[in-house]
Amino acid sequence: MEGANQSVVSEFIFHGLCDSKELQKFLLLPFSALYLMTVLGNLFVVFLIITDSHLHSPMYFLLANLSFVDFCLSSVTTPKLITDFLKDNKTISFEGCMSQILCVHVFAGGEMVLLVSMAYDRYVAICKPLHYSSIMNRQKCIWLVLTSWIIGFVHATSQLAMILDLPFCGPRIVDSFFCDIPEVIKLACMDTHTLRLLINADSAVLATTCFILLLISYTYILVTVRLSSKDGASKALSTCTSHITVVVLFFGPCIFIYLWPPSITWVDKFLAVFYTVITPLLNPAIYTLRNKEIKNAIKRLIS
């Protein structure tokens, strides 16, 4: 059925988080509050880093970009989720669904690379402190951020290209609250087993590469600091705890969703909520609450 994807199925219907209308109405306020805190928290971090000259360093430049990406990632899915709590018919157009897939993967893929860049920054700062300013110069920082956006866009485009021309000719109900690729391709009117493997492999290559680079960076940091001080292990953990926490929070759900063979609906939805709603909220909190310079910047702003 060539060209059937847009001519037969012009929109998809989200199943949402649950069937109960009462529960959906109850969830409206908590999710609205979470999204509001996500927007305010991440944009506040960006504003603080831009306006406070004490935070004009490579680490905070990368942190500001991470906060902006988190804001964008949450904004792709959460507003639609919130408004759908009030609707019986949770529809999204075919074009809107494809756009959502593209944006989610641009921001998620870009965030993976950005986390690697932040780990590299900490590696240079701790393992090569005398050369830090020359290595992490302005051009290098801009290049690292641009690279994260480019890789995120290439990753998203490759994912979208594999599903854009699939024949969607009948089922329209996506068993999620946004257009997640594993759920969307289940609706295709053809055998998608091979395609699923290719899509998972594509995501796995990016995620695994970034995860390995992160492990290498933090291993070097821990070894370097441990050898240079008796309290090395504790100091290294103190220095990198925020980064490692964010990495675990971000990569954990991704690994389960794309690499864990059994598909359990409520688990998939919980993990999807976690990395699109909860993680973007936690990231600014983790970095601000554990960072003395950020705390001092807030005090300067208030005073």
Side-chain angles (χ1 to χ4, degrees), residues 58-59 62-63 65-67 69-70 72-74 101 104-127 136 141 143-159 162 180-182 196-226 233 236-263 267-268 270-284 286-287 290:
M59 183 179 77
L62 295 174
L63 176 57
N65 279 276
L66 177 69
S67 292
V69 171
D70 278 329
C72 293
L73 178 60
S74 182
I101 288 173
V104 166
H105 284 269
V106 166
F107 298 130
E111 182 159 344
M112 288 184 190
V113 181
L114 196 54
L115 288 172
V116 174
S117 298
M118 295 178 74
Y120 174 71
D121 170 74
R122 292 299 83 205
Y123 160 75
V124 176
I126 294 173
C127 300
M136 294 300 296
C141 292
W143 180 83
L144 288 172
V145 171
L146 285 176
T147 299
S148 69
W149 282 101
I150 292 170
I151 292 178
F153 182 76
V154 171
H155 165 68
T157 304
S158 67
Q159 294 272 297
M162 286 189 276
D180 200 11
I181 288 182
R196 290 182 191 184
L197 293 178
L198 289 174
I199 289 174
N200 285 344
D202 184 23
S203 296
V205 168
L206 177 61
T208 304
T209 301
C210 290
F211 195 68
I212 290 173
L213 291 174
L214 287 166
L215 286 177
I216 293 172
S217 297
Y218 289 123
T219 299
Y220 267 103
I221 290 171
L222 290 172
V223 171
T224 300
V225 181
R226 187 179 181 86
L237 289 174
S238 175
T239 304
C240 301
T241 296
S242 298
H243 296 271
I244 295 173
T245 303
V246 170
V247 167
V248 171
L249 288 174
F250 185 81
F251 278 89
C254 292
I255 290 172
F256 270 89
I257 288 173
Y258 285 99
L259 302 182
W260 196 254
S263 180
V267 174
D268 291 343
F270 171 78
L271 293 174
V273 168
F274 195 83
Y275 82 80
T276 60
V277 180
I278 306 301
T279 300
L281 170 65
L282 292 178
N283 284 356
I286 291 169
Y287 281 110
R290 297 186 60 85

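Because the structure is a prediction, the values reported are computed rather than measured.
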[X] side, atom [atom1]; [Y] side, atom [atom2] - distance, nearest 0.5 Å:
| X | Y | atom1 | atom2 | result |
| --- | --- | --- | --- | --- |
| Ile221 | Ile216 | CD1 | CD1 | 12.0 Å |
| Cys210 | Leu215 | SG | CG | 11.5 Å |
| Glu111 | Trp149 | CD | CH2 | 10.0 Å |
| Thr276 | Leu281 | OG1 | CG | 11.5 Å |
| Leu214 | Thr209 | CG | OG1 | 11.0 Å |
| Met118 | Leu66 | CE | CG | 5.0 Å |

Run the side chain to side chain contact (heavy atoms under 4.5 Å, CB included) check on Asp121 and Leu144 step by step: do they pass? CA-CA 10 Å; Asp121 170 74; Leu144 288 172; over 6 Å; no
Check: [Y] and [X] side chains under 4.5 Å, non-hydrogen atoms:
| X | Y | value |
| --- | --- | --- |
| Phe211 | Val116 | no |
| Met136 | Cys141 | yes |
| Asn283 | Ser67 | no |
| Leu198 | Asp202 | no |
| Leu282 | Val246 | no |
| Ser203 | Gln159 | yes |
| Met162 | Thr157 | no |

For [X] versus [Y], what's the shortest heavy-atom pair and its separation?
| X | Y | answer |
| --- | --- | --- |
| Leu249 | Ile286 | CD1-CD1, 3.5 Å |
| Tyr275 | Leu73 | O-CD2, 3.7 Å |
| Gly109 | Leu206 | CA-CD2, 3.8 Å |

Could you walk me through whether Tyr123 and Thr224 pass the side chain to side chain contact (heavy atoms under 4.5 Å, CB included) test, one step at a time? CA-CA 9 Å; Tyr123 160 75; Thr224 300; 5.8 Å; no
Closer than 3.5 angstrom, by distance alone: can the side chain of Ser148 be matched with the main-chain N or O of Val145 as a donor-acceptor pair? yes
Please confirm whether the backbone N or O of Asp70 pairs with a side-chain atom of Ser74, one donor and one acceptor, at under 3.5 Å? no
Can you tell me if Tyr220 has over 12 outside heavy atoms packed within less than 6.0 Å of its OH? no
List the steps and the verdict of side chain to side chain contact (heavy atoms under 4.5 Å, CB included) for His105 and Phe153. CA-CA 8 Å; His105 284 269; Phe153 182 76; over 6 Å; no
